[in-house]
Amino acid sequence: MSARSFLANLRRRLGDPTLSATLSRSLAGTRAKRAHAVEAIEGYEALRDAASAARDLPAARREELVDAFAKAARAGGFRITHAATAAEACAAVGAILAARGVTRVVKGKSMISEEIGLNEALARGGVEATETDLGEWIVQLRGEAPSHITAPALHLNRDQVRETFAPLGYAGTNDPATLAGFAREKLRAEFLSAGAGICGANLALADAGRILLVENEGNGGLVTSCPPVLVILAGIDRIVATLDQALLAHRLLTANATGQAVNAYTHLLSGDGAQERHIVLVDNGRRALLASPFAPAAACIRCGACMVACPVYARTGGHGYGAIYPGPIGIAIARHLLRPGGDDPLPYLCTLCGRCDEVCPVKIPLSRLVVARRGETGSGKGIHERLAFALHARLCERPALYHLAGRIGRALVRLLSSCGGARLLARLRVKVPPARSFRDACGDLFRDSSRTRGNGGGDA
Amino acid sequence: MTPRLAALKAAFGAASGTCVTLPDRAALAGFLAREAASAGIAAYFADPDLPPVVLPPGVARISPAEAGTARPAGPLLCALSVDATLGDRPVPGLFERYPGRRRMMHLSTRLALVVAAEPPPLTAERLAALPGDVTFVAGPSRTADIEKVVVLGAHGPAAATLAFVLDAGRTGEL
């Protein structure tokens, strides 16, 4: 996405009053439920520390876990395929389906399938994929991407859902229960007639060779039990060493994702069921992420709490980012997993308020990673921008010079304004400052307090 | 009732499930028969270790041998025995004792989970020895995907009951 279309998309989202109202209502409720669920967990901070230690592993240890998981899963009956890229992963799934003549699949919610563009790849191969998570089905019908990793239709209200269902013959009210009932009826036949199921993995257990899948609707259970073939897509970052570590992450995941003490269904899938079962282990930039300064982001358990807490996400919604993984974690991982072309504008969708750091259940230092991403982005800028930032850095180191520059700048703006430059200033979104700044008016007060604290500060 | 069973009961209730306590297996059979007679039930499926139930006219019985392939013609009542809990957490779990057991559970409209003894926590050692899948069920199927309004029965059972059978011979362990 070019910078121009990125900004145009953002402006459209920010100017949408329906989106603003829907996000405001939904996010407030989710924040409250999460806070309540987290409060109810005894020793929550100790659990965060333990989960962080278990998930934040060096790359070499991760490789050991990948090997151990693949070996145990294969011994348990799964057929394992390794995919280095998105294209390889899509090709692997396509080959499994083609070998069995499958033309229709049902899918459980899987962010990694969104990441690799699986539905589009399957469609090119003549395979029709139907999403079965209610929110995911709604956005699929609308031709949209999910706007949140655990609540795909968070950006929509009930009237918009009713409009989405109308072309399918829905003539009922906008009551959520009635709308959900319509989806249940429509999708039930799909589960029973599809040639294969496809789902993601919340976690993969290296000791047991099993996949842990978390859900509430029961569509995950149907996808993993009704069709004769099952394909599970798992990022290599989903692997944990033991069942105990998985249960710890699971506990934090449910509280932080949906504000529940425990989700409705937790599946531990093995490879020796009645279905023919495959796991496609996907790298797609994860190894590069693990080898980079952004490796802590690989500890993410995909709860989405950082998005719910983020003041920027609350205004733009997930689609404002123009990336499959939005919010603070999206900024941290997008460059490795999604590889956007050109300069990545995402790091600037952040106020650095640090709320994401506070809520992250595995203590990923998200705001620090965002700053580091900005550093990466800045390194690719032109000479003018680099000079401007270098000058700004110098000024910030010399408070007297900084304030002098501020006075000169304000005087110049006032002069320009009085000499017919008001339109230019408006175009540049520069406001004419008052004759006396807040600091000028309260200068003595600031000087006194800085002296009292003894913190230096030049002539401030 | 032991502290672990009491915790199971409290957690299931908090997740929109209902709990009943029954004195023996005959009472369980009566309870399941009443569930099968509830509005709209068209088919009944149960684990073979549960007591035989006299079904109302028009309710089809699905046998465990059919669990992997059966397509219930209408709303399904499913009755299953609890095998374990989710580690030390009070969430009932079901093993794939025979092919299709999980499938029937997910296809059901009403679900009855039977607790006849204190279920052991699932450990890594126990999991390693288990064939097939394990599914833990905290309550009815649910979604909040439309404006965060909770709706029960998204794809799986809209109603789930945890039935504690305080059989006279097992009172000590319960």
Side-chain angles (χ1 to χ4, degrees), chain A residues 22 25-27 29-30 33 132-138 151-154 156-158 161 174-177 179-181 183-184 187-188 191-192 205 207-208 210 216-222 224-226 242-244 247 250-251 258 260-270 272-274, chain B residues 11-12 14-17 67-69 71-72 86-91 93 95-96 98-109 111 122-128 130-158 160:
Chain A
T22 305
R25 189 172 47 241
S26 295
L27 291 173
T30 307
K33 279 182 74 178
T132 61
D133 171 87
L134 176 58
E136 194 82 22
W137 188 53
I138 292 167
L154 185 80
L156 298 172
N157 65 27
R158 60 185 74 192
V161 176
N174 66 0
D175 170 45
L179 290 161
R184 177 187 171 112
L187 292 170
R188 180 52 66 97
F191 291 116
L192 293 169
L205 284 61
D207 63 345
R210 287 181 184 252
N216 276 304
E217 295 187 1
N219 65 313
L222 289 164
T224 60
S225 65
C226 287
T242 64
L243 173 67
D244 287 343
L247 295 183
H250 171 259
R251 184 163 204 175
T258 54
Q260 291 172 282
V262 65
N263 54 292
Y265 303 108
T266 303
H267 310 280
L268 283 166
L269 304 173
S270 79
D272 63 353
Chain B
F12 206 76
S16 309
T69 53
R71 290 182 173 220
L86 180 59
D88 59 358
R89 301 180 70 193
V91 185
F95 302 156
E96 188 81 329
Y98 45 86
R101 190 179 188 227
R102 280 176 69 245
R103 178 177 180 273
M104 295 312 289
M105 190 269 284
H106 287 295
L107 285 171
S108 69
T109 311
L111 176 66
L122 185 73
T123 59
E125 295 72 28
R126 191 147 184 240
L127 184 63
L130 271 179
D133 300 336
V134 184
T135 291
F136 296 91
V137 184
S141 149
R142 60 200 290 142
T143 183
D145 273 352
I146 303 174
E147 290 190 5
K148 292 285 159 192
V149 176
V150 174
V151 175
L152 300 182
H155 287 291

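Quick note on labels: first sequence line is chain A, next is B, and so on, each numbered from 1. Just so it is clear, the structure is predicted and the values come from calculations on it, not from any experiment.
- Distance check: L107(B) CG to S225(A) OG gives 6.5 Å after rounding to the nearest 0.5 Å.
- Using a 4.5 Å cut-off between heavy atoms, R188(A) touches chain B through its side chain atoms alone.
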Would you give me the side-chain donor-acceptor pairs under 3.5 Å for residues 150-158 of chain B, sequence neighbours excluded?
unit_1	atom_1	unit_2	atom_2	d
H155(B)	NE2	T132(A)	O	2.8

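- Distance check, rounded to the nearest 0.5 Å: OH of Y265(A) to CZ of R102(B) gives 11.0 Å.
- Using a 4.5 Å cut-off between heavy atoms, V262(A) contacts chain B through both its backbone and its side chain.
- Proximity to chain B (any heavy atom under 4.5 Å) is restricted, for A261(A), to the backbone atoms N, CA, C and O.
- For a residue to count as touching a neighbouring chain, one of its non-hydrogen atoms must lie under 4.5 Å from one of that chain's; by this rule A124(B) touches chain A with backbone and side chain alike.
- In this structure, the portion of N263(A) lying under 4.5 Å from any heavy atom of chain B is its backbone and not its side chain.
- At least one side-chain heavy atom of I146(B) sits less than 4.5 Å from a side-chain heavy atom of I138(A).
- Contact of N216(A) with chain B is made through backbone and side chain together, with heavy-atom distances under 4.5 Å.
- Looking at T123(B), the atoms closer than 4.5 Å to chain A (heavy atoms on both sides) all sit in the backbone: N, CA, C or O.
- The contact between R71(B) and chain A is made entirely by side chain atoms (from C-beta outward), counting heavy-atom distances below 4.5 Å.
- Contacts between T258(A) and chain B at a heavy-atom distance below 4.5 Å are absent for every atom of the residue.
- Contacts of H267(A) classified as ring pair (Phe, Tyr, Trp, His ring centres under 6.0 Å), with partners at least two apart in sequence or in another chain: H106(B).
- L134(A) places none of its side-chain heavy atoms less than 4.5 Å from the side chain of N219(A).
- Contact annotation for L156(A): only backbone heavy atoms (N, CA, C, O) come within less than 4.5 Å of a heavy atom of chain B.
- Interface residue T266(A): backbone and side-chain heavy atoms are both found under 4.5 Å from chain B.
- Taking M105(B), E147(B), K148(B) one by one and counting their heavy-atom pairs under 4.5 Å with chain A, the maximum is reached by E147(B).
- In terms of heavy-atom pairs under 4.5 Å with chain A, the best-connected choice from V149(B), L127(B), L122(B) is L127(B).
- If you run side-chain contact (heavy atoms from CB on, under 4.5 Å) between L268(A) and each of V134(B), D133(B), T135(B), only V134(B) comes through.
- Of the atoms belonging to R158(A), heavy atoms from both backbone and side chain fall under 4.5 Å from chain B.
- In this structure, chain A has no heavy atom under 4.5 Å from any part of E96(B).
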